[in-house]
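Data first, discussion second: the structure below is written as structure tokens.
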Amino acid sequence: MMAMNFWEAQREAKTKTTLYLVIFFILTLISATLAEILMRGFAQDGYHTDFPYIGLGFLSVIFCVAGFNYMNYLQNGGSYVAESLGARLVDPNTRDGKERQLLNIVEEIALATSLPIPPVYILEAQEINAFAAGTSYDNAAITVTQGCLLALNRDELQGVLAHEFGHIYNRDMLIGMRVAAMIMGFFIVSYIGLRMLQTAPYARRDDKEERKSGNPVAAIGMIFTLVGAFMWFFGSILQAMVSRQREYLADASSVQYTRNPAGISSALKKIQNYKLSDMPKSGKPFAHLYFNEHTSFWQRLFASHPPIEDRIAAIEGHKYVDLNQK
């Protein structure tokens, strides 16, 4: 197996993340500009001002909703997410062999990364899965399924846990929450537009003056609905693209922390061949945090994780090769 150049992998993942976030920001500004232009076209004489009220109003709604949702996200640490899924906290004094091994590995990686030791939870599911949640180093938590403890050996479990520590170290959850908050802003803009269309008074057909001036309320509603829905759709795709790059970054971090690419690679191969899927349905709001294989084009387009075969290929050196270790 060729060794993975984790430094190059991390650099590429961070570069692509930055690119996608810049594109998202530019699209947001373009959408506000487009809303202003459309308003001037549709409203005709009903909207004549040099000040871009509609464009700024569009941005104001998005950023206000995004800020409100983001502040709510910050209130919920990793333990809240784990407990919401029904996971149980591992007793630091446990005498169970597998649980003791789990805690020992977490302590080892925390020492290697200079991060606080996070609380560790076990989810009673037979699927091989794990996730990290939280908004800071201090309130992060790691959850693993019972399937992880039963199906993975120590090196594989270490690789998976190091991957989750990669998410914590790189603040991936915070980045994801910021993007998610912005996307919620676009959804609310579209919803406001729909409500405006439902309540807007329409001009009478026999009133030539009203037809000439247009209907500003209906025009704003239509513009907010169309532009908001457009940005919600493409924003969701960009969110998934950012998330997939953070997964590659976490894989590279796992190799960096453990110096053992075989651990995470072998664990992913077991996940690939493990068809059981029994993650709790109550976890749907947090499904983007943990691994979930997708097969159709649309599922992959909006998937928060890259195809597992691509991750294995990258880890084993087919994409990132350390020339010093050939």
Side-chain angles (χ1 to χ4, degrees), residues 16-74 174-246 285 288 297-298 301-304:
K16 288 184 176 180
T17 297
T18 301
L19 174 62
Y20 296 151
L21 292 175
V22 168
I23 291 173
F24 188 54
F25 180 73
I26 292 174
L27 281 176
T28 301
L29 296 180
I30 290 175
S31 67
T33 303
L34 180 61
E36 182 68 28
I37 293 172
L38 290 174
M39 183 62 188
R40 293 179 183 274
F42 285 134
Q44 301 176 13
D45 295 338
Y47 181 72
H48 44 82
T49 175
D50 293 332
F51 193 81
Y53 287 105
I54 299 303
L56 290 178
F58 187 91
L59 288 177
S60 296
V61 172
I62 290 171
F63 286 116
C64 285
V65 172
F68 177 78
N69 280 281
Y70 183 60
M71 293 306 296
N72 282 340
Y73 292 153
L74 290 179
L174 211 55
I175 292 174
M177 287 177 181
R178 287 170 180 166
V179 177
M182 284 289 291
I183 291 174
M184 178 58 70
F186 288 116
F187 175 81
I188 295 299
V189 164
S190 183
Y191 175 77
I192 291 173
L194 283 173
R195 295 295 297 172
M196 292 178 73
L197 285 174
Q198 291 173 352
T199 58
Y202 288 92
R204 298 186 302 274
R205 292 184 178 276
D206 59 348
D207 192 330
K208 294 181 180 179
E209 187 61 33
E210 282 196 27
R211 289 205 311 273
K212 182 180 178 182
S213 64
N215 188 329
V217 176
I220 294 172
M222 181 173 62
I223 291 167
F224 273 33
T225 300
L226 294 178
V227 179
F230 173 85
M231 280 303 300
W232 175 82
F233 178 79
F234 284 100
S236 297
I237 294 176
L238 277 171
Q239 179 189 28
M241 294 171 69
V242 169
S243 179
R244 290 195 290 270
Q245 289 306 313
R246 307 313 284 186
H288 61 284
F297 169 77
W298 288 107
L301 187 63
F302 292 97
S304 60

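The chain is numbered in sequence order, starting from 1. Quick note: numbers below take in every heavy atom, side chains included, and nothing from hydrogens, waters or symmetry partners.
To the nearest 0.5 Å, the span separating CZ on Arg40 from CD on Glu36 amounts to 4.5 Å. Between the CG atom in Leu29 and the CG atom in Leu34 there is a gap of 12.5 Å [rounded to 0.5 Å]. Atom CG in Leu59 sits 7.5 Å away from atom OG1 in Thr28 (nearest 0.5 Å). Between the CE atom of Met241 and the NZ atom of Lys16 there is a distance of 8.5 Å, given to the nearest 0.5 Å. The distance from atom CD of Gln239 to atom CZ of Arg178, rounded to the nearest 0.5 Å, is 14.0 Å. Taking CD1 of Ile62 as the start and CD1 of Ile183 as the end, the distance is 11.5 Å to the nearest 0.5 Å.
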- Check step by step if side-chain contact (heavy atoms from CB on, under 4.5 Å) holds for Ile54 and Phe224. CA-CA 9 Å; Ile54 299 303; Phe224 273 33; 3.9 Å; yes
- Test side-chain contact (heavy atoms from CB on, under 4.5 Å) applied to Leu38 and Leu226, step by step: CA-CA 11 Å; Leu38 290 174; Leu226 294 178; over 6 Å; no
- For side-chain contact (heavy atoms from CB on, under 4.5 Å), just list the numbers for Leu21 and Val242, CA-CA rounded to whole Å, side-chain angles, deciding distance to a tenth of an Å, and then say yes or no. CA-CA 8 Å; Leu21 292 175; Val242 169; 4.1 Å; yes
- Yes or no on side-chain contact (heavy atoms from CB on, under 4.5 Å) for Met182 and Phe63, after CA distance, side-chain angles and deciding distance? CA-CA 7 Å; Met182 284 289 291; Phe63 286 116; 3.8 Å; yes
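Between Ser236 and Phe302, the closest heavy-atom pair is CB-CE2, 3.8 Å. Annotation for Ser243 and Ser304: closest pair OG-O, 2.7 Å, computed over non-hydrogen atoms. Residue Asn69 comes nearest to Ala181 through the heavy atom pair CB-CB, 4.2 Å, listed as atom of the first residue, atom of the second, then distance. Heavy atoms only, all atoms of each residue included: Ala303 and Ala240 are closest at O-CB, 3.3 Å. Scanning all heavy atoms of the two residues, the minimum distance from Ser31 to Phe186 falls at OG-CE2, 4.0 Å.
Between Phe230 and Phe234, the ring planes lie tilted relative to each other; the angle falls in the 30° to 60° range.
Within a 6.0 Å radius of CZ in Phe233, other residues, nucleotides and ligands contribute more than 12 heavy atoms.
Every residue was checked against the side chain to side chain donor-acceptor pair (under 3.5 Å) condition with Tyr20, not counting sequence neighbours, and none meets it.
A 4.5 Å side-chain heavy-atom check between Leu56 and Phe51 finds at least one atom pair inside the cut-off.
Shown are Val61, Ile223, Leu194; of these, the side-chain contact (heavy atoms from CB on, under 4.5 Å) with Val189 is made only by Val61.
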